[in-house]
There are 2 protein chains.
Amino acid sequence: MPEARPPTSRDVARHAGVSQATVSLVLRDRWRGRVSPARVDAVRAAARELGYRPNQAARSLRLGGSRTALLVVPALANDFFGRVHAGAASVAAENGLHLVLYPSPGGVGPAPDPFASASATLDGVLASSMAAEALSALSGAGLPLVMLDSEPGRAPAAATVNPDIAAGTRLIVDHLREWGHRRIAHLAADVDSWTFAMRAATLAERLDIDGLPPPRTERAELSVGGGLRAAERALAATPRPTALFCDDDLLAAGACKAARRMGLRVPEDVSVTGFDDLALATTVEPELTTVSLPAEELGAAGLRALLAVLDGRAQQDTVLPVRLAVRGTTGPPPG
Amino acid sequence: MPEARPPTSRDVARHAGVSQATVSLVLRDRWRGRVSPARVDAVRAAARELGYRPNQAARSLRLGGSRTALLVVPALANDFFGRVHAGAASVAAENGLHLVLYPSPGGVGPAPDPFASASATLDGVLASSMAAEALSALSGAGLPLVMLDSEPGRAPAAATVNPDIAAGTRLIVDHLREWGHRRIAHLAADVDSWTFAMRAATLAERLDIDGLPPPRTERAELSVGGGLRAAERALAATPRPTALFCDDDLLAAGACKAARRMGLRVPEDVSVTGFDDLALATTVEPELTTVSLPAEELGAAGLRALLAVLDGRAQQDTVLPVRLAVRGTTGPPPG
DNA sequence: CTTCGGTAGTGTTACGTATAACTGCCCCCG
DNA sequence: CGGGGGCAGTTATACGTAACACTACCGAAG
């Protein structure tokens, strides 16, 4: 048995009758004016024939970097982060950067080190949500970091990119106020992160400006089932709220189910609003009125910011515009 | 400026007053009986102090492998592949294997090479769906490959792991037959892959055995919207089918929307069945009767098979059991 | 006729790590 | 008292690639 190791650039060189250096020049496209066209073709043919694939590990070692960035997302349970990835991946591809996706396990326990998990020298990290200890480990490593959907101006991120959560919240509140709603309950995600804290703060502030009482808040596990249970509690109150502001579309979908189970119609008896504009927002009946976040743009802008940091250009915090998607779950309050 | 390169094992060695070899022995936990405990502590302290992180590229180069596998999934638009990934990731972690996720861009155009994209030497690939050319490129590279959810016994996969699609299809058909349905239409995914071909073949076979006419088939783009449009066509037929067999939950959700828009109640006027048991199956109202596929198990079994291949153990094709989830979208035919 | 510059290559080295092979050294046994 | 054998380390090397520095040749300019 001939042991069958994968072919190296030296094998290609031997096969083409040139030196290994020439193979490298040709395959890296640095040959113009240094290698004759005939040899170039010979090298390419030999590489193809042997099925040569450059050894990435050796490349990274030599180059002192792998042109690889890591995208850390909290989970893949919904399509939002798939879209973020798609946006980041397209920008990465345009710039010859590899993008590796790491879905951080949501569960408790010692999360495996995302950097070890990449199994390659990383040049930078784009993180959407991370445990504090992982974050500090990263800052210790001195890796360029761009944070998505998290508090601006917080070390150790070199930059942040956020959808305009405050504006989105205001759009929802104004929309409900225009319909005449005054008793608004808040289904709040049971997650301690900036993006949800921002919704709560803006909601409270906005209702206060409008001279309305602070919202009754029900904490909910971030899932359809969690939204269902929290909505059941919220809708059992007297007087019943006429609108539910949900932190997220999953909660809103759960709230719609809860309302229906309690014999209430949406939106005739109670209005429900979501946030994020996930795919499920247009899947459920009626379709959710929600805040549409630019997921692809978020990923793309995040990766552009990371590229800027890698190039040594200073970076600020970016805020992306959002828009209100008015659909079928909002209407005038009953009576 | 001191240039600030990341510290190497040689830096750690200098700092601890030992040789680089000793550092490697200590940090790889191969020191028992070779290095005195005092030195071990000194090395560990030095490593911590300098914030040393081993260079993965150099490690991979030296070891001739990175203990990294690539998981190729078609998209992250739904939660199914997130669950597959979770299952594979947990088995990978147990075995000290890195798992890198590659969502192959669904769009047309030259797909970026998934192997280049990994930016590390790969030891194996677990692929759920792949373009033919990428597959052949891979077979040329001689990488160990395990295929998920695709035709058993097809080169160049060393093994396949599949949910029992045929059994799932039979469960659905039998369930509909028990309710007394005879006119069953098929909403077929507009994707040319084994898993959908298998549904179609089994459905036709089963109806034939039961003495029923072959199903009217409507091709649908694999999305909620696609299901909606296809269902509108299917339900416009006369006589109208009393049940819709949908290749996938997305299509089924779309079918339910279509029925409602046409003034039909589900399941009173028409029964609808899904496939996969995505999260949305229990989100929509009524909840979908569907075939529940063991997504996590699929990923886990796939990675176990890959590990076996890497160890040189021969592998067969594995079929995982499925179960029927009877929910709210099926009932007796009208009249 | 020498020198200069450009073309077409090759030899060599370094990247950081893991480990095989080696070196002392001390202790104990014959 | 000589030498065998563990202990505690070190030295040296290889992994595959990229690119710097070098050589050899050739035509043209001085």
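Letters A, B, ... are given to chains in the order of the sequence lines, protein chains preceding strands, and every chain is numbered from 1.
The closest donor-acceptor contact from the side chain of B:Asn95 to the backbone of B:Leu97 lies at 3.5 Å or more, if one exists at all. Side-chain atoms of A:Arg83 do not come within 3.5 Å of backbone N or O of A:Leu298 as any donor-acceptor pair. A donor-acceptor pair is defined here as one N or O able to donate and one able to accept, closer than 3.5 Å; such a pair exists between the side chain of A:Asp123 and the backbone of A:Arg67. Under the 3.5 Å distance criterion, the side-chain polar atoms of A:Asn162 are left unmatched by any main-chain donor or acceptor of A:Glu151.
We find that CH2 of B:Trp31 is positioned 19 Å from C1' of D:dT10, with the value rounded to whole Å. Distance B:Leu50 CG to C:dG16 P: 14 Å, rounded to the nearest Å.
In this model, a donor atom of one side chain and an acceptor atom of the other lie less than 3.5 Å apart for A:Thr160 and A:Asp317.
More than 12 heavy-atom neighbours from other residues, nucleotides or ligands sit within 6.0 angstrom of CG on A:Asp311.
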Stepwise side-chain contact (heavy atoms from CB on, under 4.5 Å) check, A:His15 with A:Val12: CA-CA 5 Å; A:His15 204 255; A:Val12 175; 5.6 Å; no
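One finds a side-chain N or O of A:Thr22 lying less than 4.0 angstrom from the OP1 or OP2 phosphate oxygen of C:dT10.
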Donor-acceptor pairs under 3.5 Å, side chain of residues 22-40 of chain A to any protein atom, not counting sequence neighbours: which ones?
from    : atom 1 : to      : atom 2 : distance (Å)
A:Thr22 : OG1    : A:Ser19 : OG     : 3.2
A:Asp29 : OD1    : A:Trp31 : NE1    : 3.3

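Contacts of A:Val23 with the nucleic acid, taken as non-hydrogen atoms under 4.0 Å apart, are absent.
Residues from residues 35-47 of chain A with heavy atoms under 4.0 angstrom of DNA chain D: there are none.
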Contact state string [nucleotides 15-23 of chain D, B base, S sugar-phosphate only, - no protein heavy atom under 4.0 Å]: BBBBB----
